[in-house]
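From a predicted model like this one, the values you see are computed outputs, not experimental measurements. Read the numbers this way: they start at 1 and go in the same order the structure lists the ligands and their atoms.
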Amino acid sequence: MCGIIGIVGYKEDIGNIILKSIKSLEYRGYDSAGICTINGNKILIKKDIGKIDEVNKKVNFSELRGNIGLGHTRWATCGGVTKENAHPHLSFGKKIAIVHNGIIENFHELKEYLLGKGYKFSSETDTEVVAHLIEDYYHGDIGEATRKALNKIEGSYALGVICTDEPDKLIGAKNESPLILGVGKGENFIASDVSSILDHTKNVVYLGDKEIAIITKDNYKIVDLDGKERKKEGHAINWSAEAAQ
Ligand code: GLU
């Protein structure tokens, strides 16, 4: 279980901003790293095995442009340490990208179900099953598709989800893996821990288990797995990124 960052509404240089944030999650330990953004109507992904600086040297994360993106550090639990298994993962139709920390316990049976429907897999991970399942439920509302997919999933997850058809929406979801929501001005964040977003905002909403956050650059809404809204206020953090380090 390692690190996640997600940003929506960022104005410039998102590749470098996400890179800096995942570097602040390095202390959690990891074996691979990756970042994706939406540019135009395409998801751009760069990822590989190794330390973040080594991966960055190979792929140059700063080339990634867009106003929305996800970053991930992986600690392999399902599938070996390979580039294909590194996150982010794309759905079969390449519309949806996800990052995940945790373990999906019932992924074998979900994989059988999806293989039966014609989905093809390009990694050995449990995570890719979630990407395809969200796509299977997708009819124009990525928050709803994620909620429906999570109702079928058993196990632990911190998830970040983005979709090319709704490039203004970032989805975060949590169950038994850490994930917080950072509320900025014209930009919002999800992250595994508070310290990785303190450069951007000190206003944080703590997600509970089995909660989904539907986030745009100016707003957020939190729902439970039945789709019922949970009103949650932000908490002001009164320590700095330096103090966190
Ligand atoms: N189970 C996922 C994988 O093996 C997530 C690993 C993690 O928590 O970093 O890819």
Side-chain angles (χ1 to χ4, degrees), residues 1-6 18-19 21-36 43 45-56 59 61 69-92 94 96-115 119-135 146 149-150 152-162 171-180 189-197 207 209-213:
M1 189 178 304
C2 230
I4 284 180
I5 178 92
I18 296 178
L19 171 64
S21 295
I22 56 171
K23 272 193 72 70
S24 72
L25 296 169
E26 274 193 303
Y27 73 92
R28 301 164 76 91
Y30 63 101
D31 52 56
S32 18
I35 297 179
C36 69
I43 294 175
I45 297 189
K46 290 176 184 279
K47 61 182 185 178
D48 215 326
I49 59 170
K51 292 290 159 205
I52 294 173
D53 285 339
E54 291 161 18
V55 177
N56 188 37
V59 303
F61 287 125
L70 300 168
H72 186 263
T73 51
R74 176 177 190 235
W75 185 300
T77 55
C78 282
V81 180
T82 64
K83 179 176 176 179
E84 290 69 33
N85 290 341
H87 302 211
H89 286 286
L90 278 179
S91 66
F92 186 47
K94 301 191 179 351
I96 295 165
I98 78 168
V99 290
H100 165 227
N101 288 149
I103 299 175
I104 307 302
E105 310 283 356
N106 60 338
F107 96 95
H108 286 295
E109 71 188 65
L110 291 172
K111 192 164 182 173
E112 285 308 308
Y113 166 77
L114 289 162
L115 284 168
Y119 285 87
K120 301 226 170 359
F121 287 77
S122 45
S123 81
E124 305 158 336
T125 61
D126 49 346
T127 304
E128 195 182 4
V129 169
V130 184
H132 293 354
L133 195 62
I134 294 174
E135 182 174 285
T146 304
L150 291 182
K152 300 285 178 207
I153 281 168
E154 289 157 22
S156 58
Y157 50 80
L159 273 185
V161 184
I162 57 175
I171 309 298
K174 169 184 156 44
N175 189 43
E176 294 166 13
S177 289
L179 198 72
I180 55 121
F189 306 83
I190 52 170
S192 304
D193 75 20
V194 174
S195 62
S196 57
I197 54 164
L207 292 178
D209 282 344
K210 300 194 172 159
E211 287 184 343
I212 303 167

Counting only pairs under 3.5 Å, give me each side-chain donor-acceptor contact of residues 29-36, with atom names and distances, residues two or more places apart or in other chains.
| residue | atom | partner | partner atom | Å |
| --- | --- | --- | --- | --- |
| Y30 | OH | E26 | OE2 | 2.4 |
| Y30 | OH | I52 | N | 2.9 |
| D31 | OD2 | A76 | N | 2.7 |

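Between the side chains of E135 and S91, at least one donor N or O sits under 3.5 Å from an acceptor N or O. A donor and an acceptor atom, one from each side chain of N101 and H87, are nowhere located under 3.5 Å apart.
The parts of T77 lying near ligand 1 are both backbone and side chain, judged by heavy-atom distances below 4.0 Å. Residue D126 touches ligand 1 through its side chain alone, judged by heavy-atom distances below 4.0 Å.
Atoms of ligand 1 found under 4.0 Å from any heavy atom of T125 (numbered from 1 in listed order, with element): 10 (O). Applying the 4.0 Å criterion to heavy atoms of R74 picks out, from ligand 1, the atoms 3 (C), 4 (O), 9 (O), 10 (O).
When the side chain to side chain donor-acceptor pair (under 3.5 Å) test is applied to N106, no partner is found at least two apart in sequence or on another chain.
Checked by distance only, ligand 1 and N85 stay at 3.5 Å or farther apart across all their nitrogen or oxygen atoms. Close N/O approach between A76 and ligand 1 is not found [any backbone or side-chain N/O within under 3.5 Å].
Of the candidates E128, E84, H89, E128 is the only one forming a side chain to side chain donor-acceptor pair (under 3.5 Å) with S122.
The heavy atom nearest to atom 8 (O) of ligand 1, considering only G79, G102, S32, C78, is found in G102.
Figure legend: cation-pi geometry between K174 and Y157 absent, as NZ or CZ is not positioned both under 6.0 Å from the six-membered ring centre and within 45° of its axis.
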